[in-house]
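Reading through the C-alpha cells given below for one structure.
Along the sequence shown, residues carry numbers from 1. Side chains included, hydrogens not; waters and symmetry mates left out as well; all remaining heavy atoms used. Here the structure is a predicted model, which means the values were calculated and not measured. All ligand and atom numbering here is 1-based and tracks the order in the structure.
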Amino acid sequence: MKSLAAESFMSDPRIGQARQLILDSLADAQKSLIGVKPADPERKQTYEQAIKEMCQLRGGGLFYPYLGSGLGNGALVELADGSVKYDLISGIGVHWMGHSHPDMVKASFDAALQDTIMQGNLQQNTDSFELIDRFVKLAQKNGSKLEHCYLSTSGAMANENALKIALQKNHPRQRVLAFSRCFAGRTLAVSQITDNAAYRQGLPSVIDVDYVPFFNPDQPEKSIEHSVKVLKRLIERYPDQHAVMCMELIQGEGGYYSGDRDFFIALIDVLKENNIAVMFDEIQTFGRTTQPFAFQHFSLDEYADIVTVGKMSQVCATIYVDNYKPKPGLISQTFTGGTGAIWAANAILKELNEGHIFGDDGKIVQVHNAFVSEFEKINEKHPDLISGPFGIGGMIAFTPFGGDGAKVKEFITTLFNEGVIGFPCGTSPRRVRFLPPIGSITEDDIKKSCEIIEAILLKIA
Ligand SMILES: Cc1ncc(COP(=O)(O)O)c(C=O)c1O
C-alpha cells in the first residue's frame with residue numbers, strides 16, 4: 001500500500017530531529033527545577049499585579065495566587081513569580097503525568113503537526129477513533145458490557161450526556177438518584193445533582209434529585225441497611241419515576257470517602273429490580289485506584305450501564321452499554337476534544353495499559369503507601385495532629401485540626417506559600433486532599449513534600 005502523505009510527513013527524518021532537539025532542550029531546562037524555591041523578590045510586584053488584574057478580568061478571586069510559568073519537572077512546577085513548588089493537586093487530578101513530562105511534550109509536538117487544532121462530531125481524525133477504542137477496551141477489561149464511547153470536553157458535559165442518555169432511554173421517568181454529598185459538576189442540570197446548595201444558588205430547579213446516604217465504614221452493616229431502606233422508600237414514594245442513579249464510588253469533593261462492594265451491590269440490586277440505570281461518575285476516580293476504573297476496583301463490571309471519565313484522561317468520555325444507545329441527534333458537539341488533548345490522552349491511556357500502574361503493587365498503591373507511611377510518622381511524633389481516613393489509591397487525604405474549616409484554609413494557604421500545593425475537600429470535617437501526579441512523582445518528592453507538610457502543620461497548630 002502506498003504511504004499516505006500524512007504518514008510520509010510524520011516519518012520525515014527532519015521531524016524526528018526537531019522532536020529530539022526539543023526533548024533535549026527540555027531536559028536541559030528541567031535541570032534548574034530540582035527542588036522547592038521561594039519566589040524571586042524582583043518578580044513579586046509584577047506577579048501580584050498580574051494576579052490582581054486576572055481576578056478583576058475573570059470577575060472573581062483565585063483560590064491561591066497560581067500563575068504557572070509554563071515549565072515544570074514532574075511533580076515540581078515553576079510559577080511566573082520564579083517560585084518552584086511540589087504540585088500535589090495537579091489541576092485537581094488533571095496533570096497525572098506531572099509537569100512538562102517528555103511523553104506529553106512529544107504528544108503535543110506531534111499533535112501540533114496535524115491538520116486541525118480541534119476535532120468534533122463532524123470531522124474527526126484516526127487519533128479520535130484510536131482514543132475511543134482505547135477507552136472501550138479498557139472499560140471491557142474485566143468483562144463489563146460497556147460498548148460505546150462518546151468524547152466531550154469537560155466532566156460536567158460527559159455527565160450531561162450520560163444523564164440525557166439515561167433519561168431518553170427510560171422516558172417518561174424524570175427523577176434522578178444520587179448520593180448525599182456527591183459532586184457531579186456545575187452545568188444547569190448537573191449542578192442540581194451536586195449536593196451543595198451554594199453551587200446552585202439562584203438557579204431554577206430543572207431536575208428532581210433524591211439522595212441516598214453514602215457508606216459509613218464505622219457501621220458497615222447498619223449503613224447498608226439504612227441506605228437500602230432510604231432507596232426503597234424513595235422508589236415507593238415516586239413509583240416508576242427514577243431514570244438513573246448517578247454514583248460516585250469514592251466521594252471526591254465530598255471528602256475522599258470510599259464506598260464498599262457489599263454496599264454498592266445491595267443498592268444496585270434494588271436499582272436493577274426497578275429498571276433504574278446504574279451510572280458510575282468516574283471523572284475523579286479514573287486512573288486512581290488499583291484498576292483503571294473504580295467500578296473495576298470494586299468488581300462491579302457487570303452492573304455498569306453508563307460510565308463517565310474525565311480529568312486525567314485529558315479528553316472526557318461517556319461510555320455506555322448498547323441498550324442505552326441514544327437516538328440520533330440527542331448528543332453532538334462541535335468540539336469533542338483538541339487534537340493536543342487527544343494525542344496526550346492516547347499517550348496516557350497507553351501508559352495505563354503498558355506501565356506498572358495498577359494492581360496491589362502498582363505505582364498507584366506504592367504512591368498511596370508512601371504518603372500514608374509519612375502521615376503515620378507525623379502522627380507518631382505529634383499525636384492527634386492529623387487523622388484519617390487517608391483516602392484510597394491516588395486520592396489521598398487527611399483531616400488536620402479536627403476538620404476546622406478556617407484552620408484548614410490557613411494550612412493550605414501557608415503550605416502553598418512554602419512550596420506544596422494541596423486542596424480542601426469535605427465540609428464537616430473539612431479535609432486536605434492530594435491528587436499527586438502518579439506518572440512522575442518519586443519517593444523523594446513524597447518525602448520532601450511531607451517534610452514541608454509536617455512543618456506547616458506544626459506552625460498552624
Ligand atoms: C466526580 C466528579 N464529577 C464531575 C466533575 C465535573 O468535571 P468538570 O469540572 O471537568 O466539569 C468533577 C470535577 O471535579 C468530579 O469530581
Side-chain angles (χ1 to χ4, degrees), residues 58 60 62-63 89-96 135 150-166 176-196 198-200 203 207 209 211-212 214-215 244-259 264 278-289 292-295 297-298 300 304 306-319 333 335-338 341 344-345 348 391-397 421-427 431 433-436:
R58 68 197 291 275
L62 294 166
F63 186 80
I89 195 60
S90 51
I92 323 188
V94 180
H95 321 310
W96 192 92
F135 270 131
Y150 197 89
L151 302 179
S152 57
T153 47
S154 76
M157 200 59 218
N159 278 350
E160 281 273 336
N161 286 339
L163 264 189
K164 284 164 71 178
I165 285 172
V176 170
L177 288 152
F179 287 125
S180 307
R181 297 195 314 248
C182 77
F183 184 83
R186 297 180 206 244
T187 61
L188 185 53
V190 297
S191 64
Q192 314 285 316
I193 299 177
T194 295
D195 190 14
N196 187 329
Y199 298 170
R200 52 184 137 77
L203 301 183
I207 289 187
V209 185
Y211 293 95
V212 176
F214 195 66
F215 182 61
V244 57
M245 177 150 186
C246 173
M247 292 185 165
E248 234 182 318
L249 299 173
I250 301 158
Q251 298 210 297
E253 175 97 2
Y256 278 31
Y257 299 110
S258 177
F264 294 128
V278 173
M279 169 190 160
F280 299 132
D281 175 345
E282 298 233 19
I283 309 289
Q284 195 157 159
T285 50
F286 181 67
R288 295 262 164 206
T289 64
F293 292 86
F295 76 77
H297 172 87
F298 291 108
L300 300 171
I306 309 171
V307 177
T308 54
V309 297
K311 292 186 183 280
M312 65 80 74
S313 57
Q314 314 299 306
V315 180
C316 304
T318 308
I319 311 169
Q333 278 160 238
F335 301 154
T336 44
I348 292 170
I392 178 169
M395 298 172 70
I396 294 157
I421 311 178
F423 203 54
C425 62
T427 43
R431 283 159 58 75
R433 68 169 137 165
F434 301 114
L435 287 161

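Residues passing the ring pair (Phe, Tyr, Trp, His ring centres under 6.0 Å) test with Phe293, sequence neighbours excluded: Phe286, Phe295. Evaluation of the ring pair (Phe, Tyr, Trp, His ring centres under 6.0 Å) rule for Phe264 yields Phe298 as partners, not counting sequence neighbours. For Phe335, there are no ring pair (Phe, Tyr, Trp, His ring centres under 6.0 Å) partners at least two apart in sequence or on another chain.
Protein residues having a heavy atom under 4.0 Å from any atom of ligand 1 are Ser154, Gly155, Ala156, Asn159, Phe183, Ala184, Gly185, Glu248, Asp281, Ile283, Gln284, Lys311, listed by chain and number.
A donor-acceptor pair under 3.5 Å is formed between the side chain of Glu248 and the backbone N or O of Phe183. The main-chain N or O of Met312 is found under 3.5 Å from a side-chain atom of Gln314 such that the two form a donor-acceptor pair.
Leu249 has its side chain out of reach of Thr285: every pair of non-hydrogen atoms, C-beta onward, lies at least 4.5 Å apart.
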